[in-house]
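The structure under discussion appears below in the form of structure tokens.
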Amino acid sequence: MYNLSQSVTWKKLQKLAENAKDQRIADAFVDNPARFEQMSLRLDGLFLDYSKNLLSADVLACLLQLAEHSPLRQRRAQMFSGDIINVTEKRPVLHTALRNRSAEPVEVNGRDVMPEIRASLEKLKVFSDKVRSGEWRGYSGKAIKNIVNIGIGGSDLGPNMVCRALLQQGDSNMRVHFVSNVDGLHINKVLGALDPATTMFIVSTKTFSTQETLLNANSAKSWFLEKATEQDVAKHFVAVSTNQAAALEFGIKTENIFEFWAWVGGRYSLWSSIGLPIALSIGYQAFIELLEGAHAMDQHFLDTPLEKNMPVIMALIGIWYINFLQAETQAIIPYDQALHQLPAFLQQLDMESNGKSVDVEGLAIDYATGPIVWGQTGSNGQHAFFQLLHQGTRFVPIDFIASLKTSEKSPEHHFALLTNMLAQASAFMNGDRGAGPQTHASCPGNRPSNVLLLDQMTPHNLGALIALYEHKVFVQGTIWNINSFDQWGVQLGKRLATELSGDIKDQSGDYDPSTQGLMSLVKQHLT
Ligand code: F6P
């Protein structure tokens, strides 16, 4: 019986935590001058420095024991081999198969799914090549110049973040826009600048039942039909979904439906045809390089001993802070404007995966699980919330992320960006007595951080970075013995929105007085 918080190792960590915060991270470098070399890891163009953590050798040893005594090894093997580890939806979890660049088969119910994965990639290639080359023509005979991806959550955040991160590698002739919010401002602002004759819409929705996406898709279609005809829809609307019937009913032609599978979770789906806008933006070959980078991280995660395993180390440091040093949040601070969407992407990846309070058997758990993930680019954060991080009362672990080389033609800017990040990471650890009035100006320091450095922002390195965080989330969820791959909590909101929108008109339904009062206010402004 796996009883995490009753384990000997857990109790050892609780003991070690009693005076952990009294130890100075900076002192650990004095005691061990080789700390930086010993507490950094590299995989291809991705470097992790985890030496500025509140992490002694004893603590790390105990954390590794926690991983050894957990179902990690078994569940990792199960995930990659297509076993049903998403136990509440009775599905395998195979985003790793989408980027499997080896000749190895991956079986679901005894059938190798790699041939259909390769077929879906081929379909992506043919379509994206045709649109990017100008071979694909719209109803007026013009080539496509603008792509509008209509989707939300995992059908938006992943492709959106990747397209922004790799914008410099993209084709400046092909503009990719993302519409996700049901707020009319979002779609109206995008469509207002576009010509239907040169615009391609991607209706991106795993279930093809998400209210926001369907409303946005229908509004886009109405906008399109102001200038074009129903026959023209096929040249300007494609769908990415597991629900072919609903896509056909919307009016998408069979050959324009890019399918993927129920065993791909929304927040893990950018490697599937949900990544179509990525291929349209940066080209199919670059999309494959993204997959290759993630595949390299998959192999690292599978083959590397736990003590040298990047996702495992990051996961264990997080568990140490969350479960033993009471960290409630995890800050993600990319010193890279191209990664400004990364915190939002990681919010869904982490919080929708590990925001759970029962274990895989459905039993209530008695320890903390997924943290609140938040963040913003540096150096902006220095002028917004770094004050709290330096002098506040809260314990907030930080992941700093940057690229050593830039494709921008402004080396002095990049130098300033990197030196700011290094200075901040150092100041968080070392603190400062301050030049002003003693207690008001002093920064206590001893505030931990990881630094992740990409050699440069390439599809390969970005793919490895994303897969690193996917596997970190998986390792934490496995040690916490939760199902990281369902999301029952979000279904409630979806259901209530549908019910309430029906009840508000005739003031029916059984709602609390506050909701009823608000409903009548809204009703007054609806009519
Ligand atoms: O947020 C709930 C959720 O189901 C996510 O898991 C998913 O990425 C998003 O909504 C969109 O779902 P769909 O792709 O089915 O429209």
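Both ligands and their constituent atoms are indexed starting at 1 by order of listing. Predicted model, so just to flag it, every value in this text is computed and none were measured.
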For atom 7 (C) of ligand 1, tell me which residue out of Gly154, Ser269, Ser180 has the closest non-hydrogen atom. Gly154
Examine Gln487 against ligand 1 and note whether any of their N/O atoms are separated by less than 3.5 Å. no
Leu157, Asp486, Asp156, Val490: member with heavy atom nearest to atom 2 (C) of ligand 1: Val490
Taking the six-membered ring for Trp and the full ring for Phe, Tyr or His, determine whether the centres of Phe237 and Phe224 are under 6.0 Å apart. yes
Specify the protein heavy atom at minimum distance from atom 1 (O) of ligand 1: its residue, its atom name, and the distance to 0.1 Å. Glu352 OE2, 2.9 Å
Out of curiosity, is Lys494 lining ligand 1, as in a heavy atom under 4.0 Å away? yes
Kindly indicate whether a cation-pi arrangement holds for Lys221 with Phe201, taking the cut-offs as under 6.0 Å to the six-membered ring centre and within 45° of the axis. no
So that I can tick it off, tell me whether Asp486 and Lys356 are bridged by a salt bridge, with the cut-off set at under 4.0 angstrom between side-chain N and carboxylate O. yes
Within-cut-off N or O pair, Ser204 and ligand 1, under 3.5 Å: no
Keeping Asn216 on the side-chain end and Thr213 on the backbone end, is there a donor-acceptor pair under 3.5 Å? no
For atom 12 (O) of ligand 1, what is the nearest protein heavy atom, given as residue, atom name and distance? Thr210 OG1, 3.5 Å
Of all the atoms in ligand 1, which lie at a distance below 4.0 Å from a heavy atom belonging to Ile152? 9 (C), 11 (C)
If I apply the N/O under 3.5 Å rule, does Gln491 come out as touching ligand 1? no
